[in-house]
Amino acid sequence: MSTLDVGTYSPREKGVVGLLGVLGALLLLAVVTGFLAPAYLLYLVGLSAMYMLLSMGLNVQWGYGGMINFSVAAFFGLGAYGTALLTASGSPISGGVSPVVALFGGLGLAAVLAVIIGYPTLKLRDDYLAIASLGLAEVVRIFILNESQWTAGSAGLTGIPLFFSDWPVLGDLTYPYVFYAGGTPVFNMSQSVVTSFLNVVLVSVIVAAVYLFLRRIHQSPWGRVLRTIRTDEDLAETLGKNTFAFKMQAFVIGSLIMALAGVFYSHLVLFVSPQDLQPITTFYVWVAVILGGTGSDRGAMLGGFTIVAIQQGTRFLTDTGALPIGAAPLRLMLVGLLIIFIVRLRPEGILPPERELIWPDSLGGGRDE
Amino acid sequence: MSEQSLVSDGPILGKDDPVLRAEGLEKRFGGLVATDDASIEVERGTITGLIGPNGAGKSTLFNLVSGFYEPDAGYVSVNGVDVTGRKPHQIADQGMIRTFQTPRKPEGMTVREALLVGPHNQTGESIIPLFTSPDTVEQEERRSLEQAQEMLERFEIGDLATQPATDLSGGQMKLVELARGMMAEPDLLLLDEPVAGVNPVLADKLAGFIEELNEEGITFLIIEHDMNFIMRLADPIIVLNQGSVLVEGPPEAVRSDERVIDAYLGGPSE
Amino acid sequence: MTDPILTVDGVDSGYGEVQVLDDLSLTLGEGEIACLVGPNGAGKSTVLKTVFGMLEPWTGSVRLGDREIGGMAPEDIVRIGVGYVPQTENVFGSLTIDENLRMGGVARDDGLDEVVAELYDRFPILDDKRTANAKTLSGGQRQVLAFARALVMEPDVLLIDEPSAGLAPNTAKEVFDDVETVNELGTSILMVEQNAREGLGISDRGFVLDQGTVKFEGEADSLLDDPEVSRLYLGGESRR
Amino acid sequence: SGGAPEDGGGGDGGDGSDGGDGESTDSSTDSGSETYTIGMVDSLSGSLSAFGQRNQRGKEIALDDVNSVGVGGGELAISQQDDQSTSQGGVSAAQTLVNQEEVPLLIGTVGSGVSTAIHESVVQNTDVVQISQNSTSPNLTNFPDLLRMPPAGKAQAEAISTLLDEDGNESAALAWINNDYGQSVGEAFIDAYDGEIVYNEPHDQGQSSYSSTISSMSDTDADAWVFITYQPEFATMSQEAFDLGVTDQAAWYGGDSVKGPKVLESAPEGSLDGMKAVVPSVPQDAENYQAFVSEFEERFGEEPTSWSAYAYDAVVVSALAIEAADEFTGSALMEVVRDVTRPEGEEATTYEAAHEILANGGSPSDVDYTGVSGPIDLDENGDPVGLLQVFEVVDHAYESAGFIEG
Amino acid sequence: MAQILQYLANGLVFSSIIILGSIGLSLVYSIADFANFAHGDTMTLGAYGAFVAFGVFGGLGGTVLGLPIGFFIALVVGMALAAAVAVLTHILVYKPLDTDSIGLLITSIGVAFVYRAVLQASFGTDFLQYDISRSGPIPVLLDTLDVAVTQRDVAIIVSAAVLVAGLHLLLQRTTLGRKMRATADNPDLARVSGIRTDRVILVMWVVGSALAAAGGVFLALYSQLDPRIGFNILLVVFAAVILGGIGSVYGAMLGGLLIGMLHELTPLLSDVGLPISNAYAPAVAFVIMVAVLLVRPRGIAGDMT
Ligand SMILES: Nc1ncnc2c1ncn2[C@@H]1O[C@H](COP(=O)(O)OP(=O)(O)OP(=O)(O)O)[C@@H](O)[C@H]1O
Ligand SMILES: Nc1ncnc2c1ncn2[C@@H]1O[C@H](COP(=O)(O)OP(=O)(O)OP(=O)(O)O)[C@@H](O)[C@H]1O
Ligand SMILES: [Mg+2]
Ligand SMILES: [Mg+2]
């Protein structure tokens, strides 16, 4: 489990993996031929990774434990605000803290809120939890919007530093950054390429670490109890499992992962405002998890990627005038149709969870993970 | 049990070493009194039967003692600990596990996974040991898996181990429900009609299995309408009627008690 | 045997890709009670589901009289005089007892009130609880309700999956009596029973199913007397 | 419209290889010559899409006006992206335009928060000029390289406060829309106003009912009610006020969005009479504005709002900058973009006139483009001078009651 | 006192609009067993349908409660249009799907986008209004109780009451209603009992969407019409349905009433010494909603029918 080992593949998964390979190759080709600008591609990769984190976080709550959490945007926003308030030059309360430290600020804030939201709502079931969590998420957004003495209100926070801004070497690069080999310049990278690249490195490390962490807990007896709770909480209770505690753990873990996505977002986009807590983000993350395959970590990652592909890919539609419909509604319609078609073609998601999740190696020599 | 005497009117209380003690339990649903001043004691080491007509309140009694319903009055203790009003998992922690009359079917799991949820207090159910002592987790998991497979074989559904737990016949679901309860290895196991819908040949074998487990120290309280099964296994048998205990006594005596025949067994068939 | 009213002929069937029934054939004679017994997972319920259109036969035919009904929708099969009591999830939990019974009669043109009244007479256990939601019933009460629901249509052929499961001995006896009564009133019955001795006891004919095929069939009494059948499928004595 | 743009920079606009010699058409094909592609981020969907729709109309007319004359010896093309009225959407839209299509100039966008987000995460520290077509929040003044067409709302707020004083209102109830625009303009008003503020509450955009706002305002005995909000919201409020029978309770004042054709259309006859609105505007009788209005009405069957005019001017100013700049890069454009609007030069009220000055060898500062939205005159903070016009509703129609210089 | 009455009246009107939206949603929720996120856009669709129809029939004379007869014809047209579109959507989209309720929920988000895209493409994004003049507060009420209520408000309240009662009768008193509930409860058993569940579900879509359209039309009448009105109110409507108890029409009504009232009554909080800004009105409503759910985890009407 030390490498990013993705286990064995079913034939169906092989198809998906093959498709991804082809897609990756195409993207690379597009960059090499100059069709796709590297800075833009890197931005898209960063954005996808952010959605991957959000979907993995939601998958812990919904996919493992069946908790219908509609407050994704709030945890995302808290992560973003947590780090922004601590680091941004425009912060009304503090600012100037190193992003590495602020990271924990964002996570801490999210953890506290997860417990505060979770405590009353996790006792509710199904859709009741959905609406309660959505409501509390709105309370958080409204608070951030209106308490401008602490949050800068609707104006949002500007002056957020790059994540690596105070690191040795990385923080001191000058732009355009020229890479020499034997005295001759080989690369000439603009700031946006370099910073995007660093962001992608950062987020890749985060995504990989989160994935490996989740993989382990998902295959464990802990994950199994959650899956039991998902279909039948009473059953888990009779078997002596403290379902509330399990749910709370999953809720907090999921929320922290979402907050991580928010922290990353802050340092990617360098501006946060209460708008970033709009429920629409929550819906997109839900779509990502379902399209990817509820209960599957790989599916959640793929779903995060898919949603960005749908959102951003449709940007390249241009209004040709050939259709009696403007580009914006056309795009909206396409996003809608794509969602419908994916559910139609893959009702269980693109990469549904494995049929069985058992702690690796415990099945004896017969099966290798 | 040494008691060869006649059946007792109402419950026999004051047993030496009861695992479960329920006193004066009352549960109302609107106007309906489902259990009414019901008291029972389950002596350690016994297989106690609980029978009674449909709607007598047997399942309700299980729900009360296992913490699923809040009693309107009364008191429950398990292994001497007062558990009245506690949450189901807290009561389970005291060593009492129950099964459901209508089997629960966990989605998205295979049959053996569904069984692996059974064992109590697994190391791998906490997150930190997953990273600090993965070997322990692995060993436990290996042991549980073996046990699960063994259990499934006994229940004649060994070949279903890796089937989805939802794709089962009615009887098979009951078997999984029962096997999972047994995996927990509690002090006291409450079974709600374990062999309803189970093939009689298999039911006989299961009776043998329950006897074995009983000898290994598990106490049972079993609701069952299958007279063969319950008469063979249980001593004493408690008869519940209209929400309270009608009689309690050894199987043969209970079987021939007039009141029990009236309320439950029915007259000889024509 | 009387003329067959229901014929299952060379049927393969199952769930998704999984085959359960393997070239299964059986017939139910007009006016008969036939009992299906066998181990758990043998495919008994699957037979009933296939006959009743819940599953489509992969091959073979299912005929009611001369009419092919394989693959017909359940709601249409009800209308040509077949009733079905499923083994599990056989009541509408959120509807009252009364509504459950009335739902059993949606395909009736008239006489609903009379039939329902009659059923209340027959099953006092239900009469007491007319306005209670079915989900509040005890396990046994539910079984009775499920059985009564199917009787509302006064079907020509009735398929019942384990009518006595979960019933107290006295109630089980009543239900078996009722099955016989219904039969005497002209309904042919195909019944699955794990309470095999009792079930065969009231039946004319029996089928022993194992692994999706009929292993033994014949007069109910002869099956009861067959030592091999007894040992493999019926268990020691009567269970009640 | 928008058109499939041919990327004039060849995808490597970063080093500006071929932007500068746009005037020489010799090497190009006979028909098209150079195409200069700039970007535009607009709110085509989401909560601000009504603004976006008006912008689109202004942009369309502007693009035709520019291309009928030509720019830099070639054509102007606009590559456009939707910001979905959210900052995440805006950043992605701008990323596509700036990093993928590598436009050196970006018009964008409507919402002040979204414009800021784009500036912070995409535009700053790159060689790109950003001109917001609609953002009025005073906060944007803090970003000198973020230019904009409408004047900062501060001037508006001060003008409203002056009006209130002039009309002798000693107390005011203030309702503002709960976003960057509403909050900052509202604060500016409070700072400027000497009378008593007896009610000061935000309201959310896009709600179905604002009767609690209206009822609360009518519970005060304020002399004046001030609305800093958007058109649909104000339309709902004014109707609810009518339904509650409180329209005459106080004198009504408002910022830009309370004046609009839809507001009067939907308000009961006479219910808004006496209301005063301070709106960024040009003299309505200015010739160029008249021409714009008639063109607009002909095409779209309704009157333009000031927002369409800003979008129009954003496009024209961009085109003039391209015409005046040495090369088609962000820094070159930034150098001249202010100059073509500033009063130093000769006033030109149409693109054609301004283009002619430049084409005849005039320097950027020889031109003072005065657009359909006003004098523009971008200052060092990237803000236009802004001309404000006061309207009063008389007999259910807006009548001009004079101008205020911002 | 008059002031409190006024707030209550406002609350009643706003609640009625929410209720109109929520009963249709509640019906679809319980029978098709998923949270239909396209419900808001179905409302919008109905409102636009009525808008177009009103352009045709608006001139018809006579008024009821201050609304021209043509408006009611347009209302029916809008309802019919929404029903037809929903039935088509069911046949083309939902029915062929083999997925669970969350899969359906996600699909409905896609459906909502498609509806909205079509509306936006056909009508633009700017807002529109039914061309019906307003008459101002009813004088009698204003004079006697000092409460401003318009005829239009009364029309909205009455429509909500009539539709709630009608739906209740349909569900509880008719065979069709019982079939609907049976189908919602256990579709397989419903078929076994002889219920033509396909038809029941079609009828459910017709009724649910027609109700949605009615909600949309009154919403547009009350405020205005743009492609987002339905979506903007959707969360509130959901809150009402869930707060009330999923699948209960009365629950939806109570939930709608509570949420609408809370929304409008927030300004009064400052009178009782809780100076909470209007900006927190939605927050207050949500917090109270969560509090109610904690006491009744299955909604107000929880286990009632
Ligand atoms: N949640 C409930 N609400 C209302 N009534 C209930 C509820 N649960 C049980 N009852 C009623 O209480 C009585 C006892 O039910 P219980 O399930 O305990 O019976 P039982 O003895 O287990 O019967 P069976 O042998 O048929 O399972 C029944 O009449 C039943 O209808
Ligand atoms: N819904 C389902 N999906 C997939 N497989 C199923 C399903 N239901 C039953 N099976 C499988 O089909 C086989 C036959 O099941 P069936 O329900 O017909 O058995 P049965 O004879 O009625 O058993 P029982 O006496 O336990 O009710 C079993 O092996 C079971 O695992
Ligand atoms: Mg029971
Ligand atoms: Mg079966």
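Per chain, numbering begins at 1; letters A, B, ... match sequence-line order.
Scanning residues 52-62 of chain B against chain C with a 4.5 Å heavy-atom cutoff picks out B/G52, B/P53, B/N54, B/G55, ordered by number. Proximity to chain C among residues 101-108 of chain B is limited to B/Q101, B/K105, judged by heavy-atom separations below 4.5 angstrom.
Of all non-hydrogen atoms in C/A165 and B/G197, the two that sit nearest each other are CB-N, 4.4 Å. Of all heavy-atom pairs spanning C/Q87 and B/G170, the tightest one is NE2-CA, 3.6 Å. Between C/A168 and B/Y264 the shortest heavy-atom distance is CB-CE1, 3.3 Å.
Heavy atoms closer than 4.5 Å to chain B are found in the side chain of C/E89, but not in its backbone. There is no contact between C/K44 and chain B, counting heavy-atom distances below 4.5 Å. Of the atoms belonging to C/L232, it is backbone heavy atoms, and not side-chain ones, that fall under 4.5 Å from chain B. In this structure, chain C has no heavy atom under 4.5 Å from any part of B/I223. With a 4.5 Å cut-off on non-hydrogen atoms, B/A34 does not touch chain C at all. Of the atoms belonging to B/I51, not a single heavy atom falls under 4.5 Å from chain C.
Ranked by heavy-atom pairs shorter than 4.5 Å toward chain B, the options C/T171, C/N40, C/T46, C/V18 are led by C/N40. Highest contact tally toward chain C, considering only B/L202, B/V201, B/I157, is held by B/V201 [criterion: heavy-atom pairs under 4.5 Å].
Within a 6.0 Å radius of CD in B/Q147, more than 12 heavy atoms belonging to other residues, nucleotides or ligands are found. Within 6.0 Å of atom CD in B/E212, more than 12 heavy atoms from other residues, nucleotides or ligands are found, so the atom counts as buried in its surroundings. Within a 6.0 Å radius of CZ in C/R130, other residues, nucleotides and ligands contribute more than 12 heavy atoms.
Note that CG of C/N195 is 12.0 Å distant from NE2 of B/H225, once rounded to the nearest 0.5 Å.
With contacts defined as side-chain heavy-atom distances shorter than 4.5 Å, the pair C/P39/B/E156 does not qualify.
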Quick one, C/N170 with B/L265, criterion side-chain contact (heavy atoms from CB on, under 4.5 Å). Give me CA distance, side-chain angles, the key distance, then yes/no. CA-CA 5 Å; C/N170 56 352; B/L265 296 170; over 6 Å; no
